[in-house]
Each structure stands twice: as C-alpha cells, then as structure tokens.
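Below you'll find the structure, written out as structure tokens, and then a few comments.
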Number of protein chains: 2
Amino acid sequence: MELQKITHAARRRYEDACGAAHALDLVGERWALLVIRELMLGPKRFSDIRAGLPGISANVLTQRLEGLEAAGVLARKRLPPPASAQVYELTPWGYESEPIFQALGRWAARSPSHDPSLPLSAVSLLLSFRTMFDPERARDLDARIGLRLGEESFLVRIADGRIRAVRGAAAGTDLVLTGEAPAVAAAVYGGQSLAALEAAGALRVEGDRALAERFVTLFPLPPKVA
Amino acid sequence: MELQKITHAARRRYEDACGAAHALDLVGERWALLVIRELMLGPKRFSDIRAGLPGISANVLTQRLEGLEAAGVLARKRLPPPASAQVYELTPWGYESEPIFQALGRWAARSPSHDPSLPLSAVSLLLSFRTMFDPERARDLDARIGLRLGEESFLVRIADGRIRAVRGAAAGTDLVLTGEAPAVAAAVYGGQSLAALEAAGALRVEGDRALAERFVTLFPLPPKVA
DNA sequence: CTGTATCCGTGTTGATACTG
DNA sequence: CAGTATCAACACGGATACAG
C-alpha cells in the first residue's frame, strides 16, 4: 500500500523504452508543448507566455515551467539590472523540438475538424510559416518582410528557396504587414484578400504590394482528408 | 453555471488555430498516441493493443478507441465470419501520423533521462528501426531479415539504402532473430553482444550470422545532450 | 474470450481570489 | 508583473461485474 503510493507519486509515467513514450513523459502533459511553442522564437516572460496561451491558468503555467525546467527543456534567466526581469528560454535541446511541431502541424492541418479561424498567437503563425513554406512557390524570390503582430515584431527573410523567421524589429524591409496574427492568417490561410482585410481595418500593408500578394501564396495547406 | 458545464463538457480543447494545438486536441490525451503507435504496423484486437501498453486500464483504452474513432484516426472492423473478431485499424490519414512518432522519438532519444532498458513493445522496436535507420551504414546492403518477437512476426527488408518493416511471417529470409523485443533492443541499442544474449537464452540467431552482426549497427542513436 | 459499464480513491486541472 | 492559495470538477487507474 505505502510502497504503491510512493511508486505512483513519482509522477505518472509510461514505463516504456519507446522514444515517443519518453517524449510524452517529458512534454506530454496538458499545455506543456504549447508552452514550448511560445518560446520557440526566443525567450519570454511569464505574462507574455500566458498571453499567447488563451485559457491556461497561472498555477498550471507555473507547474509546467517547473517541469520543463527540470526536464532540461528550458531555463530561467534573470536579465541584467537595467531591465531586471525574469525570462524563460529554451535550451539548445529544447529548440531542437521544432520538428515535433512541424510533424504535428502538418498532420493536423489535414484533419476534418481543424478550424483555422480560431485565435492564433503570433509565434504560432511564424512557426506555421516555417512549416508550410513551399520552396517551389518561392523560386527566384528574394525578399525581406517585416511583421508587426500586436506587441511582437518579426523579420521574415526569403531567399534561395528557404525561409528564415526570427523575432526582431521590422526595419529595412521591402514590406511591412501590421495587424493581429489572426488577420494575417486570414490572408495566408483563409483565402481572404488583402484589400478586404485592409478595408476592414484589420491589416495594414506598407511597401511592395505585389510582394504582399505573392507572400500570401507561399504557404499552401495540405488537402483535407475525407 | 449550467452553460459553463455544457461548454466544458465538449471535452477540454485548446481554442487555438495552431496546427500543433489541434493535433493535441485529437491525440493529446494520455495514452492516445501510444494506442496509435500500436496500430502503426497493422490492425490489432483490443487485447493485443493492451498487451503492448503495460499500465493502460481497459476502460481508458475503450475511451481512447472511441475518441480516436470519432476523430477519424482509426476505424473498427469486424473480420469476416471464419475469424469473427473485431479489430481496430488506422485510417490512411491515421497512418500518416508516423512522422510525429519519428520526431518525438528522435528528440527524446537525446534526453538525459531516457532509459532504453525499460520494457518495449514489438511495434515500438520496429518503428524505432524505421526512425533510426542510417542509410550510410547500410550502403550496398541487400538483405531480408525476419523477426519473431513473442507472438508477433515481422519482415525487415533493407535495400538501396532504404528500410521497409512490415508485419508478416519470417519466411524466405537471410536471417531470423527470435526473442522478446527488449532482447533485440539490447543488441541494437544497448550495445550487448549477440553472443552474450544467445548464451543467456534471450535471443536466437538463425541464418547469416555476419548479417546479424552488421544489422545491429544500422541504427545509431543520436548523442545524448548534457 | 473480447470487450463494456460502473464504482471508487486519488491526482490533475482550471477558475477565482489573493499576495509580494 | 509574477506568481501562490484554495477549492470544485474532472480524468485516471484499479477492481469488479457484466454482456456477446
């Protein structure tokens, strides 16, 4: 009895050598993978993580951060005195989990029940660009695009049939899109025209408009099943 | 109050357009991915799924099978009268989830806390072969290998730097390995010699012994982090 | 033999309120 | 802003009983 309790207290794990099972021991709890997702483009503070995760409660986020830190997926960092704030940052190995998101995302995009019109965090959108980018459609394209999504700014560089998307100020770019992440998603994945989104005040397009029209075609979704 | 309960009764979901989040809505519950894993190499009956999942309880397995069927990941099939048994089979889209397991497995293999000496199901082992296969090491190799792991038999074909692993009788092969999955895993991933495993009665090697010695080197694990 | 349904103890999750 | 405390609802795992 007592022994059973102690054995169980060691947090429910699959006792399985299978790599996937071990991965789930590490990041299989509810919210854990989405917390990692929010950190995938760079360190964030507690509240900023929360902002990208509608529905998570503070205590659960605290628990996940503790668990992920213990697993070696992320580390707490205190920024130097001027901006004395605490941030959470993925370890190098933590950053290596991106293929997991790509595999999950690609697979789920074909789900009959996937609803792309739900809210979307800025990081999700940028990661989806890295996942869904089609080199064929970007052939001979060389462009710098700035995205201002709410509070966050990102820089997307497309060249040589590859895409790079990082956090950073949208300066010195050929094009800047400003709006909330769901508005940009509506243009790229929802088939809504840039003109309509601009007219509705959901999006602002500055710079090379032809580039903007092409940009939104670079990320084709796989065909839905059934 | 009542309304809240109804809203919640619709099974806890992330309200998030992110593909990864939707994938977790579908297969993020405890055991769900491992149930899919067990079906990855072909249909199975309830009890055979359970046998590969030490620790799952019957009622939880029932719930997961219902959920995965509703999500369109698997389907129930009743075999024709002679062998009138019910089996669960992944849908074509369900089979497409294999990259998720490969991404999870590759990432978790580098985890400091991964313990390859835990029990392992036959299907896990075969999937790990498909994931960890190194084409370079198999250059110029053309071989047919049979594996008899407990009740289950598999056929592994290696040719042209590619590997194919399917369920099937181990007939007409150059080599047959017989034993439990963890014994084969000990040889391939644990660095234990075939001779030692044979001496211990854990493994039987029939056919091309040189091939057996080479086979166990074809699946290198990535270096552990830290 | 192959599942399914129900009860029960426990742990996990999530909403709210609250503190440094 | 960055969490902690509390509590209610739920999910999990085990046992058992039941149906085809």
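Residue numbers begin at 1 in each chain, while the letters A, B, ... track the order of the sequences.
Rounding to whole angstrom units, CD1 of residue I56(A) and P of dT16(C) are separated by 16 Å. What separates CZ of R50(B) from C1' of dG13(D) is a distance of 10 Å, to the nearest Å.
Proximity note for Q86(B) (side chain, C-beta onward) versus dG3(C), dC1(D), dG3(D): the nearest is dG3(C). Among dT13(C), dA5(C), dG3(C), the nucleotide with an atom closest to any side-chain atom of F46(B) is dG3(C). Which of dG14(C), dC12(D), dA2(D) sits closest to the side chain of V60(A) comes down to dG14(C).
A donor and an acceptor atom never sit less than 3.5 Å apart when one is taken from the side chain of N59(A) and the other from the base of dT12(C).
Here R12(B) does not reach the OP1 or OP2 of dT12(C): none of its side-chain N or O atoms lies under 4.0 Å away. At the phosphate of dT4(C), OP1 or OP2 sits under 4.0 Å from a side-chain N or O atom of T62(B).
With sequence neighbours left out, the ring pair (Phe, Tyr, Trp, His ring centres under 6.0 Å) criterion links F46(A) to no other residue.
When the options L177(A), T173(A), T178(A) are evaluated for a side-chain contact (heavy atoms from CB on, under 4.5 Å) with E206(A), the one that passes is T178(A).
Using a 4.0 Å heavy-atom cutoff across all strands shown, S57(A) reaches at least one base atom of the nucleic acid.
We find the CG-CD distance between L53(A) and E15(B) to be 13.0 Å, quoted to the nearest 0.5 Å.
In summary, the aromatic rings of F215(B) and F129(B) are positioned with their centroids under 6.0 Å apart.
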